[in-house]
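Source: prediction; values computed, not measured.
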Amino acid sequence: MSFPLLTVTAAVPAVGAILTAAVPAARRTAAKWLALLVSLATLVLAGIVFVRFEPGGERYQLTESYAWIKDFGVRYELGVDGIGVALIALTALLIPFVILAGWHDADPLETSSRRWRPTQGFFALILMVEAMVILSFEATDVFLFYILFEAMLIPMYFLIGGFGDRAHAGSDENAAAQRSYAAVKFLLYNLVGGLIMLAAVIGLYVVAGNFSLTEIAAARADGSLEIATSTERWLFLGFFFAFAVKAPLWPLHTWLPNAMGEATAPVAVLITAVVDKVGTFAMLRFCLGLFPEASKWATPAIVVLALISIVYGALVAVGQRDIKRLVAYASISHFGFIVLGIFAMTSQGQSGATLYMVNHGISTAALMLVAGFLISRRGSRLIADYGGVQKVAPVLAGTFLIGGLATLSLPGLAPFVSEFLVLVGTYARYPVAGVIATTGIVLAALYTLVLYQRTMTGPVKEEVRSLPDLRPRELAVVVPLIAVLIFLGVFPKPLTDVVNPAVRHTMSDVQQKDPQPEVEAVK
């Protein structure tokens with residue numbers, strides 16, 4: 001039996017979470033270092049997975065399969081394609097920076113309503129989320145994926161509700177109420193989506209007789225399994241609804257601004273840069289892989305929803321007064337681009353969507369974490385409370401600008417490549433949709449540059465005059481992320497080489513070919 005690399009990659013942060021939680025209460029610093037070392041070990045393992053994956057080889061590689069619940073055909077079945085490998089690498093890359101950025105976010109507080117914060121629990125929950133997300137990118141058993149899809153809600157609920165942002169206007173009681181509301185809303189939205197998905201999972205088992213993604217896909221390809229058109233469409237809708245909540249896609253998005261606004265900046269990154277990617281990843285792996293006919297049937301409606309997300313998210317971001325909620329609505333717009341690329345049903349669109357998942361994760365992490373450092377200094381999330389920061393903290397302002405420029409997909413930074421591919425792929429099949437989607441670029445420039453202008457330029461406000469610049473720990477968080485954004489912006493080949501073969505398999509699943517350009521003959 002070969003070495004179970006995929007299991008070990010997910011098991012290391014899971015075991016690390018247990019060990020971190022078990023560290024004595026008085027050894028908070030030891031718990032932090034343990035969590036950081038575990039996340040770095042996971043990053044090394046994810047790097048090994050990336051290196052060992054052969055883009056020209058089998059679709060699913062490094063596979064593992066063990067009997068789990070025999071009576072119901074449930075197996076512990078793992079395997080990665082190029083899309084899964086890329087997202088595992090993203091997750092493992094971001095978690096060490098999330099831990100470093102949140103180094104003091106769970107330190108004890110002496111307030112009337114909150115005299116202590118379980119530091120060990122904070123970092124243990126982050127590691128547990130990492131383990132579940134990685135395993136969800138590896139799962140090729142639908143039932144196993146469903147369990148992980150739902151289970152990751154539990155640690156996220158406690159991270160949002162139990163470790164909220166300290167820069168909150170109002171009393172401690174009001175802040176706690178807002179955190180509780182955001183956490184419950186996050187949980188309820190995703191639980192409803194998960195319950196609908198559970199019904200679809202059961203329905204899939206009834207018609208297919210097992211939960212194995214690879215077996216079901218093979219049976220459908222050779223004609224030994226036929227699913228009635230109406231049944232397939234209902235099953236598709238059950239899966240897609242849950243993934244659209246997780247993504248999130250308009251109009252199922254309203255939980256995200258609350259969750260990101262009330263969470264600490266590192267947890268906000270965990271939400272939108274890591275956990276939410278499970279939803280868009282699952283659209284590619286499960287919706288298109290299991291229900292190709294239904295995917296094509298639903299494409300026109302989903303393209304419209306994606307366009308609404310792009311324009312609506314960007315427009316609302318323009319009018320935000322809260323820095324973190326602005327980034328949240330910008331992310332809704334970006335997720336619209338990802339969903340649009342997936343359902344454009346072109347190789348450029350789906351490659352761009354996958355790259356967008358990775359690049360959006362890195363750019364949002366860079367912008368949100370720098371914003372978190374700024375907010376922790378001033379103690380306010382309101383844009384109006386800032387001004388002239390670049391004169392007192394030029395490094396902070398400069399890194400904030402680069403993160404913002406990446407968010408608006410400036411050429412030379414990683415998101416530009418993915419957004420360009422999505423637009424090209426969409427325009428090739430849906431020209432009108434491609435044109436409408438470009439308005440998201442214009443609006444992104446507006447909300448990003450206005451945010452920078454109002455916070456970083458102009459006269460120095462008295463309240464920010466004494467703000468310190470980025471410290472060494474904070475530079476260790478931001479500088480590598482910016483370096484990755486620049487590297488992937490000028491040389492995306494390491495990712496495209498891994499992603500493109502997987503996209504070709506997905507295009508084959510839905511029996512789609514890229515539209516050929518119409519060229520008039522020269523007379």
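Considering every non-hydrogen atom in both Gly82 and Ala502, the closest pair reads N-CB, 3.7 Å. Minimum heavy-atom separation, Ala445 to Leu408: CA-CD2, 3.9 Å. The two residues Ser136 and Phe145 come nearest to each other via the heavy atoms O-CD1, 3.5 Å. Heavy-atom minimum distance, Ala242 versus Phe149: O-CZ, 3.7 Å. Between Gly238 and Ala200, the shortest heavy-atom contact is CA-CB, 3.9 Å. Closest approach of Ala46 to Thr9, counting heavy atoms only: N-CG2, 4.2 Å.
Within the 4.5 Å cutoff, the side chain of Leu204 has heavy atoms near those of the Phe291 side chain. Residues Ile362 and Leu488 have side chains in contact (heavy-atom distance under 4.5 Å, counting atoms from C-beta outward). In this structure, Leu78 and Leu144 have side chains that are in contact, with non-hydrogen atoms separated by less than 4.5 Å. No side-chain heavy atom of Glu226 sits less than 4.5 Å from a side-chain heavy atom of Thr231. A heavy-atom distance below 4.5 Å is not found between the side chains of Met132 and Ile147. You'll find the side chain of Ile134 reaches within 4.5 Å of the side chain of Thr42, heavy atoms only. For the pair Phe400/Leu367, a side-chain contact is recorded, criterion being any heavy-atom separation below 4.5 Å from C-beta on. Using a 4.5 Å heavy-atom cutoff, the side chains of Val278 and Phe137 are in contact.
Taking CG of Leu249 as the reference point, atom CG of Leu340 lies at 10.5 Å (rounded to 0.5 Å). Between the CG atom of Leu413 and the CD atom of Glu419 there is a distance of 12.0 Å, given to the nearest 0.5 Å. Taking CG from Leu148 and CD from Glu138, the interatomic distance works out to 9.5 Å, rounded to the nearest 0.5 Å. Expressed to the nearest 0.5 Å, how far CD1 of Ile332 lies from CD1 of Ile308 amounts to 13.0 Å. One distance of note links CZ of Phe343 with CE of Met283; it measures 6.0 Å at 0.5 Å rounding. In this structure, CG on Leu421 lies 10.5 Å from OG1 on Thr426, to the nearest 0.5 angstrom.
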Checklist entry - How far apart are the C-alpha atoms of Ile95 and Leu270, what are their side-chain angles, what is the distance that settles it, and do they pass the side-chain contact (heavy atoms from CB on, under 4.5 Å) test? => result CA-CA 8 Å; Ile95 295 302; Leu270 196 63; 3.5 Å; yes

Next on the checklist: Could you walk me through whether Tyr76 and Thr7 satisfy the side chain to side chain donor-acceptor pair (under 3.5 Å) test, starting with their C-alpha distance in whole Å, then the side-chain angles of each, then the deciding distance to 0.1 Å, before giving a yes or no?
Outcome noted: CA-CA 10 Å; Tyr76 175 81; Thr7 294; 2.8 Å; yes

Next on the checklist: Pair Ile441, Leu423 - check side-chain contact (heavy atoms from CB on, under 4.5 Å), show working.
Outcome noted: CA-CA 10 Å; Ile441 303 175; Leu423 290 173; 3.3 Å; yes

Next on the checklist: Between Glu130 and Ser39, does the side chain to side chain donor-acceptor pair (under 3.5 Å) criterion hold? Intermediate values first, please.
Outcome noted: CA-CA 9 Å; Glu130 179 182 25; Ser39 68; 5.9 Å; no

Item to check | side-chain contact (heavy atoms from CB on, under 4.5 Å) evaluation trace for Val201 with Phe239 | outcome: CA-CA 8 Å; Val201 169; Phe239 278 82; 3.8 Å; yes

Item to check | Check against ring pair (Phe, Tyr, Trp, His ring centres under 6.0 Å), His253 and Phe335 | outcome: CA-CA 10 Å; His253 65 284; Phe335 276 107; over 10 Å; no

Next on the checklist: Could you go through Ile83 and Arg285, starting from their C-alpha distance and side-chain angles, then the distance that decides it, and tell me whether this counts as side-chain contact (heavy atoms from CB on, under 4.5 Å)?
Outcome noted: CA-CA 9 Å; Ile83 299 169; Arg285 173 168 283 190; over 6 Å; no

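The backbone N or O of Trp250 sits less than 3.5 Å from a side-chain atom of Ser309, completing a donor-acceptor pair. Listed for the Asp141 side chain is no donor-acceptor partner under 3.5 Å among the backbone atoms of Glu77. The closest donor-acceptor contact from the side chain of Ser363 to the backbone of His360 lies under 3.5 Å. Although no hydrogens or angles enter the test, the distance criterion places a donor-acceptor pair under 3.5 Å between the side chain of Lys277 and the main chain of Thr272. For the pair His334 (side chain) and Thr407 (backbone), a donor-acceptor distance under 3.5 Å is present. At distances below 3.5 Å, at least one donor-acceptor pair connects side-chain atoms of Arg429 with backbone N or O atoms of Ala344. Checking side-chain atoms of Glu232 against main-chain N and O of Glu293 turns up a donor-acceptor pair under 3.5 Å. Thr439 contributes a side-chain N or O that, together with a main-chain N or O of Ile436, makes up a donor-acceptor pair within less than 3.5 Å. In this structure a side-chain-to-backbone donor-acceptor pair under 3.5 Å is present from Gln350 to Ile342.
Within a 6.0 Å radius of OH in Tyr205, other residues, nucleotides and ligands contribute more than 12 heavy atoms. Atom OH of Tyr189 has more than 12 heavy atoms from other residues, nucleotides or ligands within 6.0 Å.
Between Phe286 and Phe243, the ring planes lie tilted relative to each other; the angle falls in the 30° to 60° range. Taking the six-membered ring where the residue is Trp, Phe236 and Phe240 present parallel rings, their angle staying beneath 30° rather than reaching 60°.
In this structure, the ring of Trp255 has its center less than 6.0 angstrom from the ring center of Phe186.
The only member of Leu87, Val98, Ile126, Thr91 that meets side-chain contact (heavy atoms from CB on, under 4.5 Å) when paired with Val274 is Thr91.
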